[in-house]
2 protein chains.
Amino acid sequence: MERYSMLDQCSNRAKMSGMAIRTRQSQRRRQVLTRERIVETAVELLDEVGADALTVRALTGRLATGPGAIYWHIGNMDELLEAATDAVVATALATRPAQPAEAGGAAGEIRSVALGLFDAITEHPWLAAQLAVQLIRNPWGPVTLRIFESIGRPVRALGVPQGDWFTTTSTLVHYILGATAQTSHGSGDGSVPGSEADRAEFLDTASRAWQELDPDDYPFIRAIAEQMREHDDREQFRSGIDLVLTGITTLHVKGSAPGRLPRPSTA
Amino acid sequence: MERYSMLDQCSNRAKMSGMAIRTRQSQRRRQVLTRERIVETAVELLDEVGADALTVRALTGRLATGPGAIYWHIGNMDELLEAATDAVVATALATRPAQPAEAGGAAGEIRSVALGLFDAITEHPWLAAQLAVQLIRNPWGPVTLRIFESIGRPVRALGVPQGDWFTTTSTLVHYILGATAQTSHGSGDGSVPGSEADRAEFLDTASRAWQELDPDDYPFIRAIAEQMREHDDREQFRSGIDLVLTGITTLHVKGSAPGRLPRPSTA
DNA sequence: ACCTGAACACCGTTCAAGT
DNA sequence: ACCTGAACACCGTTCAAGT
């Protein structure tokens with residue numbers, strides 16, 4: 001049982017790989033195979049064809065090797081998925097669009113991190129499912145840890161008392177991951193991004209279907225059918241974040257006017 | 001592409017199945033095969049051996065048939081998983097422990113629904129992953145719809161103005177699903193429930209590992225290491241719900257004293 | 001140390017054939 | 001209408017053998 005494995009994301013063999021790249025040789029195809037290069041290629045494949053089509057055979061094809069070569073560097077498929085997810089999340093968090101002149105302070109930083117993740121998922125639809133998988137089968141693995149740290153720091157800066165840091169940050173992170181999961185609206189494996197027209201049509205069909213549900217079983221769903229057809233995922237996500245932030249400041253930040261939040265920058 | 005399939009969860013063949021059970025015959029093993037019986041057996045298998053071990057071969061073994069029989073009734077594996085998830089969620093929502101004498105009103109109802117789902121996941125560890133999967137690959141499928149309806153009704157009763165019903169309910173549902181995902185702490189496939197001692201040891205190891213992280217990279221995680229070791233998942237979940245509820249009442253419910261919530265029953 | 005590639009033990013799904 | 005069971009086209013992973 002590899003339950004509770006915690007952070008041991010490296011293959012048993014293959015640790016150091018600071019070896020110099022075999023200098024000239026041929027340019028593209030004949031590079032040395034490294035763990036990094038495998039992860040990069042995995043991300044490429046995930047972006048292009050989706051999670052279901054990322055197979056070790058597809059990898060060996062693109063890298064011009066055999067399965068044994070992959071498994072020398074990588075351990076297994078789950079580890080590769082985790083590494084790919086962590087890599088994409090890391091760059092998404094690091095390269096967030098600089099908030100216009102520190103706007104919003106700590107609350108603005110939280111919004112920025114959250115929207116950074118949201119946008120990363122829009123760009124890499126497979127990411128939503130992988131974030132969920134990581135959260136579930138490795139609840140405190142590198143991916144979750146990274147997100148917690150990014151949200152936790154501004155939570156602290158917000159003035160939340162230390163005793164509430166963990167609960168508060170958890171609530172934010174859990175909301176973010178839940179919301180981004182539903183919003184990915186891909187085919188689940190995250191293959192094609194899905195056009196804007198597709199999405200409009202989808203919402204239209206869904207909304208119509210909702211209005212024809214049994215009024216006894218689904219009165220509420222029927223009542224929000226129209227609202228849901230018109231909603232914008234990203235805007236709704238922002239609202240959700242602000243809702244949770246309001247809860248935090250109201251409940252935990254003393255001296256704050258309840259319900260008052262630093263104005264979100266209209267970026 | 002079966003994207004945006006929406007609610008068409010039935011196999012193309014096999015609709016009616018109100019046929020009388022072939023009366024006497026032998027008792028257990030020689031029942032007629034129905035979609036319902038397959039779903040029931042799937043839930044049994046999921047509970048006993050986890051999601052990874054639910055295969056059509058395992059099903060045919062327990063049901064004493066061949067794969068063709070399964071596929072006559074069921075369509076494909078994804079559909080079976082969805083049906084199993086929906087069945088468990090439906091009974092979890094229907095059989096919630098009656099809140100002690102209506103305590104808490106609408107807010108209490110929301111807590112009750114949320115905790116009902118939480119407890120269902122504790123009982124069926126595979127459920128966490130499946131809820132996530134449903135949310136991602138079928139964002140408005142029967143499972144999500146059912147949960148939305150259950151949360152939306154008390155949201156309405158809370159006094160939230162109609163224009164905010166959708167956003168408010170979404171925020172709650174997304175938090176619930178994100179939180180329950182991390183809390184499942186199984187092996188991901190949701191096989192063994194995991195003992196209390198296992199869990200304590202896991203938290204201990206994780207907490208220690210956190211304290212040895214790089215102070216430059218993970219200052220926040222290091223700071224909450226102790227707090228996380230002592231936390232109780234269910235209690236934390238309650239706090240998260242209350243945090244979101246506070247945000248809702250503060251922001252959307254006029255006439256409510258901000259930060260004041262109906263006292264949660266100490267059940 | 002790093003890589004090759006055949007082979008193994010599995011999957012989900014299909015489909016002609018039976019009743 | 002419902003079921004059988006062999007067969008198909010895939011998986012991830014292993015491992016003796018090469019360099």
Side-chain angles (χ1 to χ4, degrees), chain A residues 2 10-22 25-26 29-38 41-42 45-46 49-84 133 137 188-189, chain B residues 2 10-22 25-26 29-38 41-42 45-46 49-84 133 137 188-189:
Chain A
E2 45 154 1
C10 289
S11 172
N12 14 13
R13 19 317 179 41
K15 274 294 164 48
M16 40 74 80
S17 60
M19 57 182 307
I21 295 170
R22 193 173 300 163
Q25 196 87 346
S26 80
R29 271 283 120 126
R30 273 301 118 202
Q31 289 177 300
V32 271
L33 192 60
T34 62
R35 184 185 155 96
E36 275 178 25
R37 212 158 77 86
I38 296 173
T41 311
L45 278 170
L46 286 164
V49 289
D52 288 352
L54 173 66
T55 66
V56 333
R57 277 163 180 84
L59 270 175
T60 59
R62 192 167 283 215
L63 289 167
T65 50
I70 305 280
Y71 279 93
W72 175 262
H73 292 278
I74 229 69
N76 60 43
M77 205 60 183
D78 282 355
E79 189 186 311
L80 177 58
L81 257 345
E82 178 171 72
V133 167
R137 63 169 12 135
D189 61 339
Chain B
E2 44 155 0
C10 287
S11 171
N12 12 16
R13 21 314 181 38
K15 273 294 163 49
M16 39 71 83
S17 60
M19 57 182 304
I21 295 170
R22 193 173 301 162
Q25 196 86 346
S26 80
R29 271 283 120 125
R30 274 301 120 200
Q31 290 177 300
V32 272
L33 193 61
T34 62
R35 185 185 154 95
E36 274 179 26
R37 212 159 78 87
I38 295 173
T41 311
L45 277 170
L46 286 164
V49 290
D52 289 351
L54 173 65
T55 65
V56 334
R57 278 163 180 84
L59 270 175
T60 58
R62 193 167 280 215
L63 288 167
T65 50
I70 305 282
Y71 280 93
W72 175 261
H73 294 277
I74 229 71
N76 61 41
M77 206 57 183
D78 282 356
E79 189 187 311
L80 177 57
L81 257 345
E82 179 171 71
V133 167
R137 63 170 12 136
D189 60 339

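The sequence lines fix the lettering, A, B, ..., with proteins before strands; numbering per chain opens at 1. Bear in mind the structure is a predicted one, so any value in this text is a computation, not a measurement.
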If I take atom CG in residue A:Leu80 and atom C1' in nucleotide D:dC11, what distance separates them, rounded to the nearest angstrom?
15 Å
One pair to check against side chain to side chain contact (heavy atoms under 4.5 Å, CB included): B:Leu80 and B:Ile70. What are the steps and the verdict?
CA-CA 10 Å; B:Leu80 177 57; B:Ile70 305 282; 5.5 Å; no
How many Å lie between CG on B:Asn76 and C1' on C:dC11, as a whole number?
14 Å
Give the rounded distance in Å between these two atoms: CZ of A:Arg57 and P of C:dC11.
16 Å
Separation of B:Glu79 atom CD from C:dT13 atom C1', in whole Å?
14 Å
Could you go through the side chain to side chain contact (heavy atoms under 4.5 Å, CB included) check for A:Val49 and A:Leu54 one step at a time?
CA-CA 7 Å; A:Val49 289; A:Leu54 173 66; 6.0 Å; no
Among C:dC3, C:dG5, C:dG12, which nucleotide sits nearest the side chain of A:Pro67?
C:dG5
Measure the distance from CG on B:Leu54 to C1' on C:dT13 and round it to the nearest whole Å.
15 Å
If only side-chain N and O atoms of B:His73 are considered, is one of them under 4.0 Å from the OP1 or OP2 phosphate oxygen of D:dA1?
no
Of the candidate nucleotides C:dC3, D:dT13, C:dG12, which contains the atom at the shortest distance from the side chain of A:Trp72?
C:dC3
Smallest separation among heavy atoms of A:Leu33 and A:Ala69, with atom names:
CD2-CB, 3.6 Å
Nearest-nucleotide pick for A:Leu33, side chain only, options being C:dG12, C:dC3, D:dC3:
C:dC3
Of the candidate nucleotides D:dC2, C:dT4, C:dG12, which contains the atom at the shortest distance from the side chain of B:Met77?
C:dG12
Heavy atoms from C-beta onward define the side chain here; which of C:dC3, C:dG12, D:dG12 lies closest to that of A:Thr55?
D:dG12
Paired with C:dG5: which nucleotide, if any, by Watson-Crick or G-U wobble criteria at under 3.5 Å for both distances?
D:dC15
Please assess B:Glu82 against B:Arg137 for the test side chain to side chain contact (heavy atoms under 4.5 Å, CB included), listing each intermediate value before the final yes or no.
CA-CA 10 Å; B:Glu82 179 171 71; B:Arg137 63 170 12 136; over 6 Å; no
Return the value, rounded to whole Å, for the distance between atom OH of A:Tyr71 and atom C1' of C:dA7.
14 Å
When we call it a touch if two heavy atoms are under 4.0 Å apart, what does A:Ile70 touch: a base, just sugar-phosphate, or nothing?
nothing
note: A:Leu81, atom CG; D:dG12, atom C1'; distance rounded to Å ~ 12 Å
Protein-nucleotide distance (B:Ile74, atom CD1; D:dC3, atom C1'), rounded to Å
15 Å
Which heavy-atom pair separates A:Val56 from A:Tyr71 by the least distance, and what is that distance?
CG1-OH, 3.8 Å
